[in-house]
There are 2 protein chains.
Amino acid sequence: MTAPAQATLAVSTVIFALRSDAESDFKTLWLPLVRRTREPFHGQWALPGGGLPAAEELATAAARTLRGTTGLTPKYLEQLYTFGDPGRSPGGRVVSVVYWALVESDEAAVAEVGDNVQWFPADRLPELAFDHNRIVEYALWRLRTKVEYSRIAHAFLGETFTLAQLHDVHEAVLQKALDPANFRRTIESSGTIVDTGERVAGTRHRPPRLYRYNDSVRAVDLGPLGPSIG
Amino acid sequence: MTAPAQATLAVSTVIFALRSDAESDFKTLWLPLVRRTREPFHGQWALPGGGLPAAEELATAAARTLRGTTGLTPKYLEQLYTFGDPGRSPGGRVVSVVYWALVESDEAAVAEVGDNVQWFPADRLPELAFDHNRIVEYALWRLRTKVEYSRIAHAFLGETFTLAQLHDVHEAVLQKALDPANFRRTIESSGTIVDTGERVAGTRHRPPRLYRYNDSVRAVDLGPLGPSIG
DNA sequence: GCAAAAGTGTTCAATCTACACCCATGA
DNA sequence: TCATGGGTGTAGATTGAACACTTTTGC
């Protein structure tokens, strides 16, 4: 008997950014997809990714893919799940280690990047190649769950940010209104942000404080594996 | 240039059971390890597992390994993490998809199984092969975290159980005392267990009720991927 | 002063925690 | 009837949601 071919190993990444959306009061989640240039699923949209180079870390491969697709660097990157059903890829088994990432929401970067890369709103995706629709749904669930108990929303923002901006990010991700007063107290008492002492000038109302993320609490978000994940 | 060999895919499983322990008031967590019969790490203890057969589901491979090692069937099985550092295995890269499982704590089954399989207390392990000590630590963290917000502890018990038994499992996993009165109310109001109407006779005190796990809430434990995982 | 958003205070209800106490059985 | 664990009640503390209110700026 002939030994069946070993499964192929691939790394894919679900990349989230926030963007203003004409169809919604909230900002909404967007993600970049790449058009497949060969079979199977030729011409359909798929998650960015590819085979795993022999000497590359899994997380590094995910970050490289992300940079190659969007030109951006992930502000947050975490392993999501490994999908390996024998039938998920017609024509040869592929086991995909999937990561999910948050990137800073620069409006310019979320524009069209090229013919074969395009950003889509996460809740209005076309039919994707392979089982990628299911993967994105799971990534969305993880993002929404984690935003509630962890403090990762700042990854959508720049180095410093106002509480109102962070508030808007939480609202956009969770798709529900959050009381600004209670939100402020919850975040402040969590110790995850630090007052920079600066304020934003030039608004036509009371100038808000600028905060910075407190790096010393990051490890908690990921559990024991945290420190080793970029 | 020669293309470097593709990484090898393996599936390993961290298997937890509860067992009485002379050195502790609580029951403690034990897990089975297998002695390696070849290099690398020849003679050292390692997590049960092996290469992924070409046509086998990941979770099925984990369950098969579990059965082969312990003769038991998992009451709970979930993917833990995929470990793929290029340097984690001397002599050829191995990417390991690791599962964790809970099995019913039959004292007999947790006895010595053979020369090359042995159960160890989870917090007093020898130095294991590869990065397996780190993997077990992560699995322990996941188990303890998940017992608090999910209701998986019943997987250590039989079909029916008393609240005192479930209480003892929680105490053993979390390694701290839990008020029996409050524990009862928390579990009862969660809707995860159902009163069978039966009681345990023959105790020399008030006979406790027997409960059964409520299957209809299981899906919540695993999120959107739940239903497809055995 | 006025509009607008920043930021604070306060109330009420829900939940958690600790612990007192009653119940049902075997010996 | 007593010892033992099963099971219930309840007061106080903590947390969370709702919303009125005060502050600080630009115009």
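Below, chain A is the first sequence line, B the second, and so on; all start at residue 1.
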Nearest whole angstrom, please: distance from the [atom2] of [N] to the [atom1] of [X].
X: B/Leu166; N: D/dG5; atom1: CG; atom2: P; answer: 18 Å
X: A/Leu178; N: D/dA17; atom1: CG; atom2: C1'; answer: 12 Å
X: B/Tyr149; N: C/dC16; atom1: OH; atom2: P; answer: 17 Å
X: A/Lys176; N: D/dG16; atom1: NZ; atom2: P; answer: 13 Å
X: A/Leu163; N: C/dT8; atom1: CG; atom2: C1'; answer: 14 Å
X: B/Phe183; N: D/dG7; atom1: CZ; atom2: P; answer: 13 Å
X: A/Leu210; N: C/dA6; atom1: CG; atom2: P; answer: 12 Å
X: A/Glu148; N: D/dG16; atom1: CD; atom2: P; answer: 12 Å

Is A/Glu148 salt-bridged to A/Arg144, going by a charged N under 4.0 Å from an acidic O?
no

Testing the basics here: between A/Leu125 and A/Asn133, what is the closest heavy-atom pair and its distance to 0.1 Å?
CB-ND2, 4.3 Å

Which pair of heavy atoms, one from B/Ala17 and one from B/Phe156, lies closest together, and at what distance?
CA-CE2, 3.7 Å

Sugar-phosphate only, base, or nothing, as touched by [X] at under 4.0 Å among non-hydrogen atoms:
X: A/Ala181; answer: base
X: A/Arg209; answer: sugar-phosphate
X: A/Thr203; answer: sugar-phosphate

Closest to the side chain of A/Asp179, out of D/dT24, D/dC19, D/dG5, is D/dC19

From the set D/dA18, D/dT25, D/dT23, return the single nucleotide nearest to any side-chain atom of A/Asn182.
D/dA18

When you measure from the side-chain N and O atoms of B/Arg184 to the phosphate of D/dG7, is any distance below 4.0 Å, counting only OP1 and OP2?
yes

Output yes when at least one side-chain N/O atom of B/Arg204 is less than 4.0 Å from OP1 or OP2 of D/dT4, else no.
no

Between B/Phe120 and B/Trp45, does the ring centre distance come in under 6.0 Å?
yes

Given the structure, check if the side chain of A/Arg185 and the base of D/dG16 hold any donor-acceptor pair shorter than 3.5 Å.
no

By nearest nucleotide on DNA chain C, pick out whichever of B/Gly202 and B/Thr186 is the more 5' one.
B/Thr186

Applying the side chain to side chain contact (heavy atoms under 4.5 Å, CB included) test to A/Thr82, which of B/Val98, B/Leu80, B/Leu58 qualifies?
B/Leu58

DNA chain D nearest-nucleotide lookup for B/Glu188 and A/Pro207: closer to the 5′ end is B/Glu188

